[in-house]
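Only one structure is covered here, and it is reproduced in the block below.
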Protein chains: 2
Amino acid sequence: MTNIKKDNTEEKILSAAQTVFIRKGMDGARMQEIADEAGINKALLHYYFRSKQQLFNATFESLFSKIIPNVMRMVQSDQPIEVKLEFFIENYIDVLMKNPFLPTFILKEIHQDPEFLEGLIRSSGLEPQKVVEMFKNEIEKGTIRTMDPRDLLISILSLIIFPIASKPLLSLLFFDDDPKSYNEFIEKRKATVKEFVLYSILIK
Amino acid sequence: MTNIKKDNTEEKILSAAQTVFIRKGMDGARMQEIADEAGINKALLHYYFRSKQQLFNATFESLFSKIIPNVMRMVQSDQPIEVKLEFFIENYIDVLMKNPFLPTFILKEIHQDPEFLEGLIRSSGLEPQKVVEMFKNEIEKGTIRTMDPRDLLISILSLIIFPIASKPLLSLLFFDDDPKSYNEFIEKRKATVKEFVLYSILIK
DNA sequence: CCTACTTTTGACCAATTGGTTAAACTGTTT
DNA sequence: AAACAGTTTAACCAATTGGTCAAAAGTAGG
């Protein structure tokens, strides 16, 4: 079957492209470098994906869906807010720690081409409104204090994403550039963020 | 006096370089584009700054110092923690709102060349330890609850920086891509963040 | 006005880069 | 075994890009 070979190469290319694009960005990445990383000829890149732009788009879509957490599970379950939050925070930090440079990469490329973003969001199934609704309900139930639910969601995302996105800076400033010490800090932070948020919003 | 003209051109170049580098990043920026933006000949760029790399370094240093907030004022004053916090948050949000793409730019380029960062931090006079100390004192005084002061500082920075760095995404997700609506939100957020943090750390 | 200097420019260059093409290779079908 | 399809490659190309250089333009002092 020829498809086996085809799929294999295509995957290899996409995987290599992810590595290189995340490392160098769209402009910094070289087609030759991606080819080398994939262990194939450069012309083959153009055979599967016509141009650098198209390869980048395919890569970006795949990466973008990665940083979109399974927010929905947080909405659907009928666990108390504490449990939902804990699940979401731990889960998301784990995902990001596997790709610490993903957030910055996404933000940078988004800012370079904001129009491309619209289609992505629609096709990604991202529905932040659902989460906002959930928070609204909690406020009406009286479990958390009154506030703009969008603020709450954005604050939670901030507390999770930023410390990972700024890893090199924080690592140097606070952790003596020691990866282990930084990683431990982030691991502990799962609980810290949960506490920080709950202390702030819960009506005791 | 020849220096007047010289300084003038050098400033024009640096200013143009900031604009273009922030917009396109190191790799995406073109020397020709910077020259156009500055209204001068391309060769003149190399006359003042030998290479693209050196022009970038000069630009980056100047930009990096911008996002380093006057943390120190927060440490020195003997105001109560609420006031210090309010001052810091409002001040920093104002600075960042003038350059919403600065944080992402810095993070991206840092991640591309982490070694360059070390020298910068030393020469920038950035001393986060001082802030950490201050928080430690507040904890010992019993005004805020016990926690890792580094966590607190990082959380505050997260709440301030991330919502601005992710402007294009948030603007699309929550504010119907309407700049005014987004700006109002950030303006309100000054108070929100302060509340959010105080609720979380203050011992009532 | 002339000389010495710095500043600015247009023309040019070598290297890099995304992309193309025609040929070679592989596996499948008849 | 030959014809056919999709896959892979090496060689090549046109355009871009950072950088150079010699000459021109501007400036100041004698």
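Each chain gets a letter, A, B and so on, in the order its sequence line appears, and its residues count up from 1.
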Polar atoms only, N or O, under 3.5 Å: list the protein pairs with nucleotides 9-13 of chain D and their distances.
from   : atom 1 : to      : atom 2 : distance (Å)
D:dT9  : OP2    : A:Asn41 : N      : 3.0
D:dA10 : OP2    : A:Asn41 : ND2    : 3.2
D:dA10 : N7     : A:Asn41 : ND2    : 3.4

Under the side chain to side chain donor-acceptor pair (under 3.5 Å) test, which residues partner [X], sequence neighbours left out?
X        : result
B:Thr143 : B:Glu138
A:Glu37  : none
A:Gln18  : A:Ser62
B:Lys136 : none

*To the nearest Å, how far apart are B:Lys52 NZ and D:dT20 P?*
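Distance, rounded to whole Å: 15 Å.
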
*Using the test side chain to side chain contact (heavy atoms under 4.5 Å, CB included), find all partners of B:Gln129 that sit at least two apart in sequence or belong to another chain.*
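Once residues adjacent in sequence are excluded, B:Gln129 has no partner under the side chain to side chain contact (heavy atoms under 4.5 Å, CB included) criterion.
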
*Mind checking side chain to side chain contact (heavy atoms under 4.5 Å, CB included) for A:Asp113 and listing every partner two or more places apart, or none if nothing turns up?*
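Once residues adjacent in sequence are excluded, the partners of A:Asp113 under the side chain to side chain contact (heavy atoms under 4.5 Å, CB included) criterion are A:Glu115, A:Phe116.
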
*In residues 16-31 of chain B, which residues come under 4.0 Å of DNA chain C by heavy atom?*
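Under 4.0 Å from DNA chain C: no residue of residues 16-31 of chain B.
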
*Summary of side-chain hydrogen bond (donor to acceptor under 3.5 Å, both in side chains) pairs that have at least one residue in residues 162-183 of chain B, sequence neighbours excluded*: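 Sorted pair list comes back empty.
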
*Quick one: which of C:dG19, C:dT8, D:dG19 gets closest to the side chain of B:His46?*
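The closest nucleotide is D:dG19.
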
*Go through A:Phe56 and A:Phe60 one step at a time and tell me if the ring-ring contact (aromatic ring centres under 6.0 Å, His included) criterion holds.*
CA-CA 6 Å; A:Phe56 177 80; A:Phe60 188 83; 5.8 Å; yes

